[in-house]
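One structure is given below, encoded as structure tokens.
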Protein chains: 2
Amino acid sequence: MGRKRLQEPADGRPTVHTVAARAGVSIASASRVLNGVGGSAETIRKVRAAAAEVGYVPNAIARSLQSQRTGLVALAVEDIGNPVYVAMMRAIESVVASSGRQLLVHATGGRIDNETALLRRLANRYVDGMIISPIRVTADHLAALVDSPVPVVVVGQLGADAPVDNVRTDSRHGVALAVDHLVAGGRRRIGFVNGPLDTVPGAARDAGFRAALARHDIPLDEDLVEVGDFQYAAGRAATERLLARTEPDALLCANDLIAVGALHALLAAGRRVPEDVALVGMDDTELARMMFPQLSSVSLGSAERGRRAAELLLQRIADPALPPRREQVPPGLVVRASSAGPSPTADRAPTAGEPLTAGEAGQPAPPAPRPSTDPLAGPITDPFAGPAGPAPTHPSSEGASS
Amino acid sequence: MGRKRLQEPADGRPTVHTVAARAGVSIASASRVLNGVGGSAETIRKVRAAAAEVGYVPNAIARSLQSQRTGLVALAVEDIGNPVYVAMMRAIESVVASSGRQLLVHATGGRIDNETALLRRLANRYVDGMIISPIRVTADHLAALVDSPVPVVVVGQLGADAPVDNVRTDSRHGVALAVDHLVAGGRRRIGFVNGPLDTVPGAARDAGFRAALARHDIPLDEDLVEVGDFQYAAGRAATERLLARTEPDALLCANDLIAVGALHALLAAGRRVPEDVALVGMDDTELARMMFPQLSSVSLGSAERGRRAAELLLQRIADPALPPRREQVPPGLVVRASSAGPSPTADRAPTAGEPLTAGEAGQPAPPAPRPSTDPLAGPITDPFAGPAGPAPTHPSSEGASS
DNA sequence: CCCGATTCTGTAAACGTTTCCGGGGAGTCT
DNA sequence: AGACTCCCCGGAAACGTTTACAGAATCGGG
């Protein structure tokens with residue numbers, strides 16, 4: 001009956017030993033009652049009372065050590081302030097929270113070494129799984145991914161043979177949708193403001209742009225192509241450079257931040273949007289709906305990809321033996337004011353035979369842009385759907401544009 | 001010499017025991033070498049070699065259990081997608097990461113029970129500290145805060161006597177800055193689109209608005225005041241309601257999301273901004289710079305508050321005995337195109353005695369709006385460039401009667 | 001009334017790490 | 001040469017929990 005250890009740690013906070021001693025039972029009985037498994041009526045009463053009296057709260061770390069699970073899920077993205085990642089993060093947080101887990105976020109700054117270090121650190125099991133959206137994928141990434149001791153889901157392109165859960169979209173196809181739309185509006189001198197070509201998204205968009213132009217038999221004027229990074233300032237600067245040397249009648253931007261920068265550059269240079277220059281962004285973030293004129297944008301389903309990645313991860317945590325899975329979220333074009341209507345300066349009519357939306361060769365048809373996440377895809381008039389997340393905000397105050 | 005426990009757990013992953021056995025030393029020696037404290041040259045060599053051979057990685061949970069620290073810091077905000085929280089989160093993540101810790105984010109959805117549950121859960125020590133920005137502060141909050149076993153820093157207003165680390169701004173003063181600016185521009189019919197009055201920020205802004213008008217001897221026309229929530233759609237709807245019944249020559253919005261909604265409503269209603277209606281938002285998020293025209297906005301130092309909150313938290317984690325501290329980040333007005341210039345429709349000249357900018361009495365000058373974090377700050381006009389003459393405006397922090 | 005089945009309880013081990021403590025060896029000073 | 005200091009090492013305890021195991025107690029049935 002000798003007390004082998006202190007009931008009250010120096011800390012002063014009660015442990016299961018405190019409760020057990022106070023209730024006059026063993027720690028095993030106390031633990032059982034506190035976990036709701038077993039225990040006689042009398043024991044339950046005593047333990048509950050003792051726990052309440054001392055204000056017992058179980059220690060999450062000790063429990064994790066025993067159960068080998070932390071209840072945490074990590075998300076690693078380049079910049080947690082980028083609207084596209086914000087949307088993704090919000091969707092992920094929602095799924096993760098509803099499974100009773102919590103979300104850990106890492107901002108990698110897009111640095112390769114940061115990303116691989118993060119992956120390697122998974123070995124110390126501080127988290128039950130990770131969702132990572134690497135901006136580049138190196139051999140180091142793959143190596144770290146395959147021998148990661150905890151489940152990892154990659155959002156973004158990945159080598160076809162990598163045995164890793166993966167959620168992706170088809171941004172080449174997304175670019176094609178935008179180009180088709182612009183061509184159908186009579187635009188022929190389509191500029192392109194891209195992000196770095198050595199990133200996965202940058203390369204895919206570049207390839208998609210060239211392929212789409214070729215499909216329309218439009219020769220590519222390299223003067224119409226600019227590269228910066230994926231930020232607002234770079235988008236604005238790149239557009240200024242582009243405008244200084246040539247005259248586009250449309251501009252496709254690799255994401256919405258760039259598009260906003262381009263819009264500012266265009267307006268500052270006296271161009272009208274969309275009359276003089278039609279403008280299309282990518283990612284279809286909230287930003288696109290908030291601009292004036294509202295920006296057309298290629299939806300790459302950020303929130304949807306986040307949601308699916310989280311679900312994939314939770315499933316794999318539940319059953320690590322699952323085979324690697326790959327999900328693809330189709331892109332969709334959301335036309336708004338910034339590219340609406342045909343080009344008034346077009347001296348030739350839009351090519352009649354070109355479809356408005358074009359599937360990739362061999363693909364049957366591009367699916368609709370997921371109305372579930374974007375209930376207001378269609379109309380050009382405002383609609384701004386409130387945040388798709390759990391935001392319990394306004395009841396029904398959608399402003400109908402007059 | 002009998003091995004008391006398995007060197008290779010069922011898991012297959014090596015532990016300190018694995019390494020120690022392989023190196024032929026005790027686990028104590030192995031641990032010491034791995035932590036870089038002590039060990040003879042020979043021991044170090046053997047342990048390092050063994051660790052490398054088996055690919056040993058320390059288990060973060062076990063380490064946490066021993067050290068009583070998790071290396072995690074939590075952030076709880078209403079909505080991790082709101083730009084103002086994004087800015088705050090980004091700043092916090094940066095500070096937290098540079099201290100070698102990691103950030104856990106919670107989206108509370110603004111639900112009181114969620115917030116208090118989160119605070120109570122701190123008792124199980126899953127995290128070393130928390131930064132929380134409650135949208136309302138109840139008695140439950142305070143109770144949970146004071147007997148939290150881990151450090152908590154509150155961002156936002158808090159009862160004056162609460163013994164809790166606290167970073168706040170003076171949004172009443174911020175509102176006063178905006179009103180002063182609009183009045184100086186000759187605006188007299190200043191509308192106000194606020195968030196819910198039962199939230200801390202909503203109440204503060206409302207009080208500030210009324211006080212500021214009173215200070216300028218402008219009677220308050222209740223038709224000019226609207227309330228929604230802090231989202232875009234509500235801002236737009238509220239502005240439409242306001243425009244349907246009265247004719248403002250300026251509009252102050254309780255945050256930038258509302259201001260963007262208001263801008264759309266104004267433009268849709270055919271008003272020119274700023275010629276017909278000057279528009280000012282609050283929070284000075286990136287959104288303000290991205291609109292066209294760029295929005296004037298009252299900076300409440302979100303990033304700065306986040307940064308300071310993180311630093312306060314880290315200091316308190318390092319030394320829990322510190323007395324409770326309270327820091328205040330002063331607001332500042334950033335004037336951009338949406339409110340630049342005097343009202344062309346003003347039939348009466350601006351009251352000569354009204355200062356363009358109102359500095360704190362006794363304070364040298366309100367701080368600049370953090371150009372360091374803002375490489376592309378509005379090129380428009382600097383609000384604080386005005387004559388720094390005697391500014392006998394509102395006395396202390398609040399815009400009290402002058 | 002006795003025996004077997006069932007439930008409850010307590011002891012102890014386990015999760016993987018760090019760290020206190022005592023013992024022993026080597027080096028140095030007097 | 002003896003004593004003292006310093007360093008290194010290994011055993012064991014500790015962090016707080018869950019749980020396997022075995023013994024005790026209770027209960028029911030024949």
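So that the names make sense, note that chain A is the first sequence line, chain B the second, and so on, each numbered from 1. Just so you know, these numbers come straight off a predicted model, no measurement behind them. Side chains are part of it too, since the values below use all heavy atoms of this structure and drop only hydrogens, waters and symmetry mates.
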If you restrict it to nitrogen or oxygen atoms, what contacts under 3.5 Å exist between nucleotides 18-27 of chain C and the protein, and what is each distance?
unit_1: dT18(C); atom_1: OP1; unit_2: Asn35(B); atom_2: OD1; d: 3.2
unit_1: dT18(C); atom_1: OP1; unit_2: Asn35(B); atom_2: ND2; d: 3.1
unit_1: dT18(C); atom_1: OP1; unit_2: Arg63(B); atom_2: NE; d: 3.1
unit_1: dT18(C); atom_1: OP1; unit_2: Arg63(B); atom_2: NH2; d: 3.2
unit_1: dT18(C); atom_1: OP2; unit_2: Ser31(B); atom_2: OG; d: 2.8

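- Residues that satisfy the side chain to side chain contact (heavy atoms under 4.5 Å, CB included) test with Ala162(B), not counting sequence neighbours, are Leu142(B), Leu158(B), Val164(B).
- Taking Arg136(B) as the reference, Asp198(B) meet the salt bridge (charged side-chain N to carboxylate O under 4.0 Å, His left out) condition, with sequence neighbours excluded.
- Spacing between atom CD of Glu42(B) and atom C1' of dC7(D) amounts to 16 Å, rounded to whole angstrom units.
- Between Tyr126(B) atom OH and dG16(D) atom P the separation is 19 Å, expressed in whole Å.
- By the salt bridge (charged side-chain N to carboxylate O under 4.0 Å, His left out) test, Arg326(B) pairs with no residue at all, sequence neighbours left out.
- One interatomic measurement links the two molecules: CZ of Arg13(B) to P of dC15(C), which rounds to 15 Å at whole-angstrom precision.
- One atom, CG of Asn59(B), and another, P of dC15(D), lie 19 Å apart when rounded to the nearest Å.
- Under the side chain to side chain donor-acceptor pair (under 3.5 Å) criterion, Glu311(B) pairs with Arg307(B), not counting sequence neighbours.
- Set against dC8(C), dG10(D), dG16(C), the side chain of Ser26(B) has dG10(D) as its closest nucleotide.
- What separates CD1 of Ile61(A) from C1' of dG16(C) is a distance of 13 Å, to the nearest Å.
- Spacing between atom NE2 of His17(B) and atom C1' of dG10(D) amounts to 12 Å, rounded to whole angstrom units.
- The distance between atom CG of Leu65(B) and atom C1' of dA14(D), rounded to the nearest whole Å, is 9 Å.
- Contacts of Ser64(B) classified as side chain to side chain donor-acceptor pair (under 3.5 Å), with partners at least two apart in sequence or in another chain: none.
- For the pair Ile44(A) CD1 and dT7(C) P, the interatomic distance rounds to 14 Å; values are reported in whole Å.
- Put simply, Gln68(B) has no side-chain N or O that comes within less than 4.0 Å of OP1 or OP2 on dA14(D).
- Side-chain N/O atoms of Arg101(A) and Ser99(A) include a donor and acceptor closer than 3.5 Å.
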